[in-house]
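Before any comments, here is the structure.
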Amino acid sequence: MTTAPDLLQLKLVFVTGKGGVGKTTVAAALALLGAEHGKRVLTCEVDAKGDLAALFEAAPTGFVAREVAPGISSMSMDTEASLREYLKLQLRIPVVGRIGPLAKAFDFVATAAPGVREILTVGKLCYEVRERHYDLVVVDAPASGHIIGQLAAPQAINDLVKVGLIRTQTEWMLDILSDAQKTGLVAVTTPEEMPVNETLELTTRVREETTVRLSAVAVNRILPELFGQREEEVFEQLRQPAAESVLSERAGGPVAPVLEAARLAVTMRRTGAGHLQRLQAGLPPDLPVLLLPELFTRTHGLRTTRQMAQALGEELGH
Amino acid sequence: MAPRRPPETPQTIARLLSAKEIVIACGPGGVGKTTTAAAVGAMAAAEHGGRVLVLTVDPARRLADALGLQGIGNKEVRIADEVFKRAGITPRGELWAAMLDTKQSWDDLIARHAPDQATREKILANPLYQNISARFVQSHDYIAMERLYEIHSEGDYDLIVVDTPPTRNALDFLDAPQRLADFFSSRLLRWLIAPYRSRLVNAATKPFYTVADRILGTQFLADISEFFILFQSMYDGFVTRSEAVTRLLSDRRTTFMVVSTLEATPLREAEFFSAELTARKLHLGAIVLNKVLPDYLRDSATARLAQRVADQAETLGEGLTDDPAIAARVLGEVAESFLHFGIVARREAEQQNELQGAPDILVTVPFFDDDIYDMEGLLRLGQQVWD
């Protein structure tokens with residue numbers, strides 16, 4: 001096993017994670033970090049919801065990439081548009097007029113042949129890599145339950161389809177996806193029970209069912225450690241009723257909720273630390289684990305993205 | 001929208017569930033949907049009595065273990081009364097649980113609809129079928145609803161609480177039965193199958209096959225065709241069944257419980273989902289908001305106080321502890337932490353206020369210190385939601 005390459009040295013990075021763990025924020029931050037290192041970056045949102053562009057404070061994007069920040073172009077995946085492009089570019093089939101409404105035919109084929117949607121997504125991304133339109137393609141990929149199907153699609157189609165143009169097409173895709181120096185997967189999680197379970201499960205499934213290499217696990221929303229052991233003892237002394245009432249008197253109001261909030265923060269942090277430990281114990285020892293802080297921000301926008309990019313950069317040693 | 005009840009009879013989840021047979025818990029992933037569904041089911045079994053089934057998709061292993069559900073599958077398993085007793089409760093009814101096994105459910109479905117043994121075996125062996133049933137994401141959505149229909153029509157349970165699969169799009173599982181029905185009645189499907197039946201391709205359809213052959217390869221096209229020719233024999237059964245499933249979802253005995261947290265992304269999805277349910281005339285019974293931070297974090301007087309504590313951290317703790325330097329640091333951290341969490345709590349409260357199209361029942365569940373991994377925890381969560 002070779003050591004995991006630096007995320008910024010890769011050409012194609014899929015960012016996945018359970019819903020709500022901050023997968024899109026991490027994808028945007030990675031893109032920003034790449035651009036700061038002078039790379040031409042493409043970000044692609046697979047489940048088009050417009051969240052990714054919003055993190056750059058840009059209007060939602062379409063299938064045709066548009067610059068959303070200096071050095072960063074962004075697009076949203078649209079499998080039908082991808083099929084059109086594919087047919088036009090790869091097969092040179094003047095297809096549209098002959099087989100009737102493409103949308104209908106597409107819906108049909110996509111439903112009939114599982115993996116078609118997936119391969120059109122992965123295919124478009126691999127194409128951008130192969131054509132070297134960008135130095136780094138960052139994919140805000142589907143949630144962990146679906147990413148396996150996406151990444152395994154070329155292999156699955158390869159197994160199903162023995163001849164024909166699709167077969168030749170899947171082969172070059174597999175070459176890109178299987179190259180650990182080019183393609184990587186980042187699993188984003190939070191230090192909570194279910195996200196950690198899912199990440200551990202994902203690690204195994206990625207290894208067993210896909211040809212893509214898991215490059216890193218990013219643990220998001222790590223709460224700050226308020227106290228060391230000695231501080232905690234002193235904190236307990238301050239929480240004694242007598243001390244608390246003196247504090248309230250001096251501060252000019254009841255401090256109980258302020259202390260209680262800190263206790264809650266300590267408990268949350270401790271619960272999280274337990275899950276983080278469980279995660280680290282369950283992951284291969286050579287897999288980088290990136291620790292990203294809870295940002296306590298009011299809204300999500302460029303400010304958050306920049307802060308996250310900075311934290312990510314520090315974790316990657318830049 | 002249902003007429004609102006007069007204010008003196010406040011709507012509660014307890015009341016809602018007492019009049020329904022199916023509750024579908026839905027919403028974005030990662031918000032405690034599975035746990036909330038289990039908690040609601042446990043409360044219904046404990047308080048209302050009767051037989052309650054929780055049909056779940058992916059419970060946390062620790063929770064499944066604590067309930068004595070290791071290795072449960074498609075077959076329903078009863079949760080021992082002993083498990084309730086350990087939590088200090090004697091349930092009035094029975095709690096059952098089953099976990100959705102997609103592959104097994106598909107195989108069962110084929111077995112039920114296949115006209116004969118030979119067709120069944122051919123379908124089960126078809127590579128396309130294996131791919132669809134095991135890997136195809138939408139098949140998960142369909143089969144969850146199909147399984148619900150089957151259990152409901154067997155009539156063994158008074159209440160079924162369904163935890164929906166984490167879908168790419170929260171609505172996929174609602175569309176799945178209809179999509180399947182549409183698919184099997186598609187003209188394109190008949191086109192595709194035609195040449196393998198008659199070997200007669202007319203001039204109008206020839207380009208389609210030429211393209212399909214070039215793109216997909218002949219063997220694959222043959223596999224598809226075999227699969228669908230076999231499936232045609234089950235067509236009527238399937239379509240009738242999907243229509244029945246669709247009807248069940250909009251039946252007055254069915255209600256939807258949208259689960260979310262107040263974080264921006266999940267909440268936006270939950271809101272979209274609620275609007276969509278209403279647009280489809282499905283019954284949005286309740287919204288449950290999990291992991292809500294305590295109110296005191298938003299109190300502005302307390303926030304000003306925390307600011308004073310931060311400013312005066314050096315002197316405030318004088319003489320109260322055995323280490324003034326550490327006390328100053330601790331007070332500084334404590335105050336800063338309060339202010340940090342205050343930002344989050346205020347943001348979340350604003351989002352809750354802006355929640356559009358809220359149903360009669362909007363329940364908030366406080367942030368629990370610990371993860372829920374036993375019956376006691378489930379019931380503690382359940383009681384917050386219940387009434």
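Order of the sequence lines sets the chain letters (A, B, ...), proteins ahead of strands, with each chain counted from 1. Owing to the predicted nature of the structure, the values given are computational and were not obtained by experimental measurement.
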Where [X] and [Y] come nearest, the two heavy atoms and their spacing:
X	Y	value
L320(B)	A243(A)	CD1-O, 3.7 Å
A327(B)	V234(A)	CA-CG1, 3.6 Å
R250(A)	Q312(B)	O-OE1, 4.1 Å
A335(B)	V258(A)	CA-CG1, 4.3 Å
A251(A)	V309(B)	CB-CG2, 4.2 Å

Are more than 12 heavy atoms, taken from residues, nucleotides or ligands other than E232(A), located less than 6.0 Å from that residue's CD atom?
yes
Over 12 non-hydrogen atoms of neighbours within 6.0 angstrom of CD in E350(B):
yes
Relative to chain B, which segment of [X] carries a heavy atom at a distance below 4.5 Å: side chain, backbone, both, or neither?
X	value
T297(A)	both
E236(A)	neither
R263(A)	side chain
L223(A)	side chain
F235(A)	both
V255(A)	both
P195(A)	neither

Interatomic spacing from [atom1] in [X] to [atom2] in [Y] - rounded to 0.5 Å:
X	Y	atom1	atom2	result
R221(A)	E263(B)	CZ	CD	4.5 Å
E269(B)	D51(A)	CD	CG	8.0 Å
S337(B)	M268(A)	OG	CE	9.0 Å
F341(B)	E294(A)	CZ	CD	7.0 Å

In the structure I gave you, are the side-chain heavy atoms of K33(B) and M194(A) within less than 4.5 Å of one another anywhere?
no
With a 4.5 Å cut-off on side-chain heavy atoms, are L264(A) and P294(B) touching?
yes
Count the heavy-atom pairs under 4.5 Å between each of [options] and chain A, then report the option with the highest count.
options	answer
L297(B), V344(B), L293(B), L316(B)	L316(B)
R346(B), R268(B), E336(B)	R268(B)
R308(B), E333(B), E348(B), R347(B)	R347(B)
L339(B), D311(B), D323(B)	D323(B)

Is the F296(A) ring parallel, tilted or perpendicular to the H340(B) ring (thresholds 30°, 60°)?
parallel
Just by modelled atom types, is the D322(B) backbone N or O under 3.5 Å from a matching donor or acceptor in the Q237(A) side chain?
yes
Can you list the steps and then say if R329(B) with R230(A) is a side chain to side chain contact (heavy atoms under 4.5 Å, CB included)?
CA-CA 11 Å; R329(B) 198 156 69 229; R230(A) 182 73 188 111; over 6 Å; no
When L247(A), L259(A), L226(A), L238(A) are each screened for side chain to side chain contact (heavy atoms under 4.5 Å, CB included) with V334(B), the one that passes is L259(A)
Structural part of Y296(B) lying under 4.5 Å from a heavy atom of chain A:
side chain
Which atoms of T261(B) come close to chain A, meaning under 4.5 Å heavy atom to heavy atom: side chain ones, backbone ones, both, or neither?
neither
